[in-house]
2 protein chains.
Amino acid sequence: MQISPAVEDYTKAIYALQERGDGCAVTTNALAERLGVTPASASAMVKKLAGMGLVSHVRYRGVQLTAKGSAIALEVIRHHRLLEAYLSESLGVPWDRVHDEAEVLEHVLSEELEELIADKLGNPTHDPHGDPIPTRDGLMPDEPTVSLQTLATGDCGRFVRISDADPEMLRYLAARGIAPGDGFEVIDKQPFDGPVFARFAGEVHVLGGTLARAMRVEL
Amino acid sequence: MQISPAVEDYTKAIYALQERGDGCAVTTNALAERLGVTPASASAMVKKLAGMGLVSHVRYRGVQLTAKGSAIALEVIRHHRLLEAYLSESLGVPWDRVHDEAEVLEHVLSEELEELIADKLGNPTHDPHGDPIPTRDGLMPDEPTVSLQTLATGDCGRFVRISDADPEMLRYLAARGIAPGDGFEVIDKQPFDGPVFARFAGEVHVLGGTLARAMRVEL
DNA sequence: ATTCAAATTTAGTCACAACGAAATTTGATT
DNA sequence: AATCAAATTTCGTTGTGACTAAATTTGAAT
């Protein structure tokens, strides 16, 4: 039972969708859309994953990762995030490009290189976007956050995390010197999904609705 | 016209066989054996490569890389050798393991990462086994060498290069502290493919026939 | 010139992972 | 309960790159 890159990608996608979803099963359509394949293709692969014991599948209902499936997903995510950290820190790859590079390298990273990279970086706990790196033994640190968008005028917090999937956003933040770990204060918050005005290190920045929703805040 | 990993591997193999061969075309069987596939599979791929304009093919005679094919081979070889140098120098991967790691990474290394790695290493000209690294613009430095096995008692020389394909040999040399760049003197040479006794840095070492044939000497 | 073994190619198959089109199931609405 | 749209699955096909078995070509030996 070989684990192909395709299987790794599906497993990783199911893991990600399970996270954001409210505990219920991951639908075939959601999976297909996330991976950019047709529902028919996703359906076929789901059947294969079920046969491999990586997911439990109820026809027309959706899938859930088994322990075995989660282990594979976490392994790949560890590869991905370690690589992002490594590319950023050791090779100076810009913030908004590490994701795409890691996306292909994650599938061919040997366990030995994984070890060497982790050691070289001092066993980092977070990648450059603030996403936690699963541990060597396959555990994902649980770090509750809220969207910056939910804060109100006057609230203070620390920006700790943002999705690595949208390079545009990352460039916007990078251009303004905003990075995970930075503290801030909400100066003004407009209703109806309006922009958030927040002060980072003295400077006030405008964070549009989508951006504010993507930025995660500690606690 | 996509360049798949398979196409890269075939192109690279043809390049390598062309080098060691005496200028004549590379046979399907040699290609198949080198890649560990059946002659039928190699034959099918040769037809595809010819269709892509990467090789010229005469049925039942063999193949030769076109300029386009050579360019692809050299690009992949550059990736491979840069990666070997990088893994060895920056991550401390042992000498005898860099080849296998590079073998998979070479196919997914982006041009951007290639640049960063080359810069980081100061644009190295040789990999850890002494193999020359093709230049950015796709030129392979020509460095004539002879096999250590061809030397006679009393000859001196500098060991500069050894194939990265046999980890066993590399471990043997590494265990004795012998590396490309080391000067030596042939103390004794037995006839009939017998062992070569050579002094490296004061120590005399026994180099069996196969090993002595694999070791390349400057000039 | 014929024969023969080795090298090479062709023909037919398989596994993988995608696709579009068509059938099926679901759950919400009437 | 019947209907209907959306989600899901099935069916048949495609493209890669491997395989085995069966031609075919070559070049050397008779």
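Below, read A as the first sequence line, B as the second, and so on, with proteins coming before strands; counting in each chain starts at 1. Hydrogens, waters and symmetry mates play no part in the numbers below; they use all other heavy atoms, side chains included.
You'll find that the side chain of A:Ala6 is closest to C:dA17, out of D:dT8, C:dA17, D:dA18. Side chain of A:Lys48, nearest nucleotide from C:dT9, D:dT9, C:dA17: C:dA17. The listed nucleotides are D:dT8, C:dA17, C:dT9; the one nearest the side chain of B:Arg59 is C:dT9. Candidate nucleotides D:dG27, D:dC19, D:dG17 were compared by shortest atom distance to the side chain of B:Arg61, and D:dG27 ranks first. Proximity note for A:Ala40 (side chain, C-beta onward) versus C:dT9, C:dG20, C:dG27: the nearest is C:dG20. Of the listed nucleotides (D:dC19, C:dT10, D:dA18), D:dC19 has the atom at the smallest distance from the side chain of B:Thr38. Among the nucleotides D:dC19, C:dA18, D:dT8, the one closest to the side chain of B:Val37 is D:dC19. When distances are taken from the side chain of B:Thr27 to each of C:dA17, C:dT8, D:dT9, the shortest belongs to C:dT8.
Going from atom CG of B:Leu31 over to atom P of D:dA18 covers 10 Å, rounded to whole Å. Between B:Met1 atom CE and D:dG15 atom P there is a gap of 16 Å when expressed in whole angstrom units. Atoms NZ (A:Lys47) and P (C:dA18) sit 15 Å apart, rounded to a whole Å. Atom CE of A:Met45 and atom P of C:dA15 are 15 Å apart (whole Å). Taking atom OH of A:Tyr10 as the reference point, atom P of C:dC16 lies 14 Å away to the nearest angstrom. Here the C1' atom of nucleotide D:dT9 and the CG atom of A:Asn29 are 11 Å apart, to the nearest Å. Rounded to an integer number of Å, the gap from OH of A:Tyr60 to C1' of C:dA23 is 8 Å.
Neither side chain, A:His107 nor A:His79, offers a donor N or O lying under 3.5 Å from an acceptor on the other. Looking only at atom types and distance, the side chain of B:Ser147 has no donor-acceptor partner in the side chain of B:Thr150 under 3.5 Å away.
Checked for salt-bridge contact, A:Arg136 and A:Glu115 meet the test: a charged N lies under 4.0 Å from a carboxylate O. Using a 4.0 Å cut-off between charged nitrogen and carboxylate oxygen, B:Lys189 and B:Asp155 do not count as a salt-bridge pair.
Looking only at distances, a side-chain donor or acceptor of B:Arg216 sits under 3.5 Å from a matching main-chain atom of B:Thr145.
B:Ser41 comes within 4.0 angstrom of a base, heavy atoms only.
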